[in-house]
Amino acid sequence: MSKPSKLTLALLTLAAIAASGPACAAEYKYWYDDPDFGHQAGDLTNGNAAIVAPAWACARRFFSGVELQWIGEDGAGIAPNNGGQEIFTSINVHFGTGAGCQPRPRMESHPALTLIPPRAGTHWVVIDPDAGSYWVNKDGGWPACNCAAPVGFKALTLDIRWPALDRVFSAQFDRTSPETGAPRGINIQTLRAPLSDLQRSVASEVGKRRLKTLPTLESAVRQLEDLALSSLSKAATQVEQCRVAQEQGAFGEAYKACDRARRSALMAQQALKTVVEEMH
């Protein structure tokens with residue numbers, strides 16, 4: 001069987017994201033083999049976006065209730081969910097050799113620290129944490145840090161405008177889907193206005209948060225904030241692409257562009273929620 005192309009893998013990944021529905025919490029991926037997306041064995045990502053671990057971190061601890069799904073090269077599941085565990089995911093040596101970390105990537109159960117081996121053919125493991133997670137150092141601890149998320153920032157992650165925006169996308173897609181047989185045009189302004197509103201709010205709250213540097217988590221949090229900002233910017237660009245395609249009569253392409261915008265907006269919300277988890 002021939003190896004899937006990078007484009008095929010990317011499309012499969014996007015399809016998996018779309019099928020998962022709105023993001024209610026961070027969905028992590030722990031990587032074993034990734035010749036196409038640029039991740040190294042032991043990398044931990046939020047979706048497909050790399051998370052920068054603090055310099056002192058050796059692993060990330062996920063609380064009880066974790067569900068694991070082993071994924072193969074073609075993006076399909078190769079093993080059923082394995083729920084109810086509390087696990088560590090050890091960070092690869094390139095994340096902090098001076099912190100006294102184990103110089104190898106591995107996934108372990110907690111508290112016995114028993115190796116959880118990958119299933120044959122695993123490329124990554126999807127980690128769905130039920131009760132949150134945090135970085136730990138070589139002693140299994142978390143260095144003291146006054147890192148509570150600002151009230152406004154935390155409130156923004158729970159803002160009703162996020163689900164309202166997703167409902168607007170859903171309503172437009174229900175009436176314009178190519179599967180309806182006679183799709184009608186997408187009302188671009190109903191998407192653009194609430195998206196721009198959220199984009200301004202996120203930029204404002206991120207700016208306020210960055211007035212105070214976090215002593216141990218700044219790089220990790222800033223990377224996620226950048227992901228949220230860039231995802232919203234991408235969503236705005238994709239909505240504009242949707243508008244242009246629609247004006248040219250390419251309704252199928254317009255639908256696809258707006259669908260990408262929806263996923264980008266969901267990624268932004270997911271990144272912000274992960275920031276709050278990091279600062280918990």
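Note that the numbering runs from 1 along the sequence shown for the chain. Values reported hereafter were calculated over all heavy atoms of this structure, with side chains retained and with hydrogens, waters and symmetry mates removed.
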Inset, instruction - Compare all side-chain heavy atoms of M107 with those of L68 and state whether any distance is below 4.5 angstrom. - result: yes
Legend entry - Euclidean distance, E240 CD relative to C258 SG, rounded to 0.5 Å: 10.5 Å
Legend entry - Main-chain N/O of T216 paired to W56 side chain as donor or acceptor, under 3.5 Å: yes
Inset, instruction - Indicate yes or no for a side-chain donor-acceptor contact from W162 to the backbone of L156 under 3.5 Å, with no hydrogens or angles considered. - result: yes
Inset, instruction - Please report the closest heavy-atom contact between G121 and I78, naming both atoms and the distance. - result: C-CD1, 3.7 Å
Legend entry - 4.5 Å side-chain heavy-atom contact, R167 and P163: yes
Inset, instruction - May I ask you to test the Q199-S233 pair for a side-chain heavy-atom distance under 4.5 Å? - result: yes
Legend entry - Backbone N/O of L266 and side chain of Q270: donor-acceptor pair under 3.5 Å: no
Inset, instruction - Would you check if D43 and W124 make a side-chain contact, meaning some heavy-atom pair closer than 4.5 Å? - result: no
Inset, instruction - State the CD-CZ distance between Q189 and R243, to the nearest 0.5 angstrom. - result: 11.0 Å
Legend entry - Spatial distance of atom CD (Q269) from atom CG (L232) [nearest 0.5 Å]: 10.0 Å
Legend entry - Heavy-atom donor-acceptor pair, H123 side chain to D33 backbone, under 3.5 Å: yes
Legend entry - Name of the residue among Y30, W31, Y28 meeting side chain to side chain donor-acceptor pair (under 3.5 Å) with T45: W31
Inset, instruction - Report yes if some heavy atom in the side chain of K29 is under 4.5 Å from a heavy atom in the side chain of L44; otherwise report no. - result: no
Legend entry - Residue pair M279 / P150: nearest heavy atoms and the distance that separates them: CE-CD, 3.9 Å
Inset, instruction - Evaluate whether atom CD1 of I160 has more than 12 neighbouring non-hydrogen atoms of other residues, nucleotides or ligands under 6.0 angstrom away. - result: no
Inset, instruction - Could you tell me which non-hydrogen atom of L229 sits nearest to which non-hydrogen atom of A203, and how far apart they are? - result: CD2-CA, 3.8 Å
Legend entry - Donor-acceptor contact below 3.5 Å, side chain N137 vs main chain D139: yes
Legend entry - Least distance between heavy atoms, W70 atom then P117 atom: NE1-O, 4.0 Å
Inset, instruction - Evaluate the side-chain proximity of I71 to V125: yes if any heavy-atom separation is below 4.5 Å, no if none is. - result: no
Legend entry - E108-T114 side chain donor-acceptor pair, cut-off 3.5 Å: no
Inset, instruction - Please confirm whether the backbone N or O of P118 pairs with a side-chain atom of T122, one donor and one acceptor, at under 3.5 Å? - result: no
Inset, instruction - Using a strict cut-off of less than 4.0 Å between a Lys/Arg side-chain nitrogen and an Asp/Glu carboxylate oxygen, indicate whether E205 and R209 qualify as a salt bridge. - result: no
Inset, instruction - Check step by step if side-chain contact (heavy atoms from CB on, under 4.5 Å) holds for R262 and D166. - result: CA-CA 7 Å; R262 180 189 193 181; D166 197 62; 2.8 Å; yes
Inset, instruction - Kindly determine whether K208 and F153 satisfy side-chain contact (heavy atoms from CB on, under 4.5 Å), including the steps that lead there. - result: CA-CA 9 Å; K208 293 175 186 176; F153 194 107; over 6 Å; no
Inset, instruction - Say whether, by atom type as modelled, one donor and one acceptor occur between the side chain of S264 and the main chain of R260 under 3.5 angstrom. - result: yes
Legend entry - Nearest-0.5 Å distance that lies between atom CG in N187 and atom OG1 in T190: 4.0 Å
Legend entry - Inter-residue atom distance Q69.CD - I127.CD1, 0.5 Å rounding: 12.0 Å
Legend entry - Over all atoms of both residues, closest heavy-atom pair of A271 and L227: CB-CD2, 3.8 Å
Legend entry - Gap separating the OG1 atom of T274 from the CD atom of Q223, nearest 0.5 angstrom: 10.0 Å
Legend entry - Results of side chain to side chain contact (heavy atoms under 4.5 Å, CB included) for R210 - residues two or more places apart only: V206, R222, E225, D226
Inset, instruction - State, with a plain yes or no, whether a side-chain heavy atom of C242 is found less than 4.5 Å away from one of I188. - result: yes
Inset, instruction - Would you tell me whether S231 and R263 have side-chain atoms, one donor and one acceptor, within less than 3.5 Å of each other? - result: no
